[in-house]
Amino acid sequence: QVQLVESGGGLVQAGGSLRLSCAASGRSLSVYAAGWFRRSPGKEREFVAAIRWSALGTTFGTTYADSVKGRFTISRLNAENTVYLQMNSLKPEDTAVYYCAAGRRIGSQKDAYDYWGQGTQVTVSS
């Protein structure tokens with residue numbers, strides 16, 4: 001099993017920035033990809049960004065939803081087994097609960113991932 005714990009959410013004004021963290025523990029060497037998803041009230045959980053890496057920890061791919069391209073950046077610090085989501089130029093429509101997910105393959109669909117965190121709330125005020 002892999003445990004994922006998100007942190008870094010909060011309240012920010014439009015145009016501001018936040019950095020979300022997703023720390024992995026347990027059998028984290030069994031996963032090679034991670035993604036961020038979000039769910040706004042009354043909406044389905046949607047894909048935000050994803051990253052994949054090699055068995056040696058080298059990042060070799062990222063992908064983003066069109067709605068966040070150019071504003072959000074996903075990255076991973078191998079030594080800390082942590083994935084980050086840097087969110088800049090935040091908009092009120094980015095308000096959601098953000099979830100971290102991990103698995104063996106990268107993808108924009110929820111079923112690509114085997115493990116999920118509990119989520120962290122991001123609220124962007126106008």
Checklist entry - Are Lys110 and Trp116 side-chain neighbours, meaning at least one heavy-atom pair lies under 4.5 Å? => result yes
Checklist entry - How long is the span from the CG atom in Leu77 to the OG atom in Ser21, to the nearest 0.5 Å? => result 10.0 Å
Checklist entry - Backbone N or O of Thr123 within a donor-acceptor pair of the Thr95 side chain at under 3.5 Å? => result no
Item to check | Cationic N near anionic O, under 4.0 Å, Lys69 to Asp66 | outcome: yes
Item to check | Donor-acceptor contact present, side-chain Glu6 to main-chain Gln118, <3.5 Å | outcome: yes
Next on the checklist: Test your reading of the model: is there a side-chain donor-acceptor pair from Thr82 to the backbone of Glu80, 3.5 Å cut-off?
Outcome noted: yes
Checklist entry - Is there a donor-acceptor pair under 3.5 Å between the side chain of Arg45 and the backbone N or O of Arg39? => result no
Item to check | Phe60 side chain near Arg52 side chain, heavy-atom distance below 4.5 Å | outcome: yes
Item to check | Residue that, paired with Trp36, satisfies side-chain contact (heavy atoms from CB on, under 4.5 Å) out of Tyr84, Tyr98, Phe72, Tyr64 | outcome: Tyr98
Item to check | Carboxylate-amine/guanidinium proximity below 4.0 Å for Glu46 and Arg38 | outcome: yes
Checklist entry - Is there a donor-acceptor contact under 3.5 Å from the side chain of Tyr32 to the main chain of Ile106? => result no
Next on the checklist: Does any part of the side chain of Leu18, heavy atoms only, come nearer than 4.5 Å to the side chain of Val122, both counted from C-beta?
Outcome noted: yes
